[in-house]
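What follows is a set of notes on a single structure, which appears directly below.
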Amino acid sequence: MKDFMKARNIILSALDCARLRDLIITARQFSSTPSVLLDTLEGELNRATILPPEEIPPYVVTMNTCVRLIDISTGKTMTYTLVFPNDEDLQQGKLSILSDMGVAIIGFSVGSTVEWHFPEGLRSIRIDMIYFQPEATKQYEM
């Protein structure tokens, strides 16, 4: 799994990166989030290319991005907005960054296929379309 993770090239905004590092610290102290998921997210932050928010390309999944995903093996489409844990509401399509899917898609671009080890096994998810990305509309404080 570690070799697989090294191959992931993702882009994050400096603001998202700082917020996610704070989230990891808080989650380690107060949350029931599995430590392996927090370690994985931290690894993603450590290997990411970090850019100022205004330099984030509009086709990259950032926090508060609304994205359509396609499960390659089933063809099922899913639409989620990637949010912080307090805003999670799967009924409304709000996916927590502290979920396997959240960690899997953060920082990837439209057209990318993400292979990820989910609890039910390896899945391939394609980033199909971004409906909204805060950085593209200069909403950096979302």
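Side chains included, hydrogens not; waters and symmetry mates left out as well; all remaining heavy atoms used. Bear in mind the structure is a predicted one, so any value in this text is a computation, not a measurement.
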So which of Thr74, Asp100, Asp71 actually passes side-chain hydrogen bond (donor to acceptor under 3.5 Å, both in side chains) with Arg123?
Asp71

Going by heavy atoms in the side chains, are Leu90 and Tyr80 under 4.5 Å from each other?
yes

Do you know the tightest heavy-atom contact between Pro58 and Ile130?
O-CD1, 3.9 Å

Approximate separation, where rounding is to 0.5 Å, of Ile56 CD1 and Thr49 OG1:
9.5 Å

Can you confirm whether Thr40 sits close enough to Trp116 that some side-chain heavy atom of one is under 4.5 Å from a side-chain heavy atom of the other?
yes

Could you grab the distance from atom OG1 of Thr77 to atom CZ of Arg68, nearest 0.5 Å is fine?
6.5 Å

From CD (Gln139) to CG (Asn64), nearest 0.5 Å:
9.5 Å

Under the criterion side chain to side chain contact (heavy atoms under 4.5 Å, CB included), I'd like the reasoning laid out for Tyr59 against Ile127: C-alpha separation, chi angles, the key distance, then a yes or no.
CA-CA 10 Å; Tyr59 49 82; Ile127 313 286; over 6 Å; no

In this structure, CG of Asp39 is separated from CD of Glu42 (nearest 0.5 Å) by 6.5 Å

Check against salt bridge (Lys or Arg N to Asp or Glu O under 4.0 Å), Glu135 and Lys138
CA-CA 5 Å; Glu135 291 80 3; Lys138 301 187 182 345; over 6 Å; no

Excluding Ile70, membership of its hydrophobic cluster (Ile, Leu, Val, Met, Phe, Trp, Tyr; side-chain heavy atoms within less than 4.5 Å) reads none

Quick one: pull up CD in Glu88 and CG in Leu82 and give me the separation to the nearest 0.5 Å.
10.5 Å

Any idea which heavy atoms bring Ala104 and Phe118 closest together, and the distance?
CB-CZ, 4.2 Å

Shortest non-hydrogen contact from Cys66 to Thr81?
CB-OG1, 3.6 Å

Using the rule that Ile, Leu, Val, Met, Phe, Trp and Tyr join whenever any side-chain heavy atoms are under 4.5 Å apart, tell me whether Met129 and Val60 fall into a single cluster.
no

Can you name the nearest heavy-atom pair linking Ser13 to Pro53, along with the distance?
CB-CA, 4.0 Å

With distance as the sole criterion, is a donor-acceptor pair present between the side chains of Ser109 and Ser112 under 3.5 Å?
no

Glu115 side, atom CD; Ile125 side, atom CD1 - distance, nearest 0.5 Å
10.5 Å

Side-chain donor-acceptor pairs of residues 15-24 under 3.5 Å, sequence neighbours excluded:
residue	atom	partner	partner atom	Å
Asp16	OD2	Met63	N	3.0
Arg19	NH1	Met142	O	2.8
Arg19	NH2	Glu141	OE1	3.3
Arg21	NH1	Asn46	OD1	3.2
Arg21	NH2	Asn46	OD1	3.1

Is there a chain of hydrophobic side chains (I, L, V, M, F, W, Y, each step under 4.5 Å between heavy atoms) that links Val110 to Ile106?
yes

Is there a chain of hydrophobic side chains (I, L, V, M, F, W, Y, each step under 4.5 Å between heavy atoms) that links Val103 to Val83?
no

Knowing that exactly one of Ile50, Leu51, Thr62, Val61 qualifies, which makes a side chain to side chain contact (heavy atoms under 4.5 Å, CB included) with Ile11?
Leu51

State, to 0.1 Å, how close Gln133 and Pro57 come at their nearest heavy-atom pair, and which atoms those are.
NE2-O, 2.9 Å

Decide yes or no for Leu95 and Met78: does some side-chain heavy atom of the first lie under 4.5 Å from some side-chain heavy atom of the second?
no

Give me the atom names and distance for the closest heavy-atom approach of Pro85 to Ile97.
CD-CG2, 4.2 Å

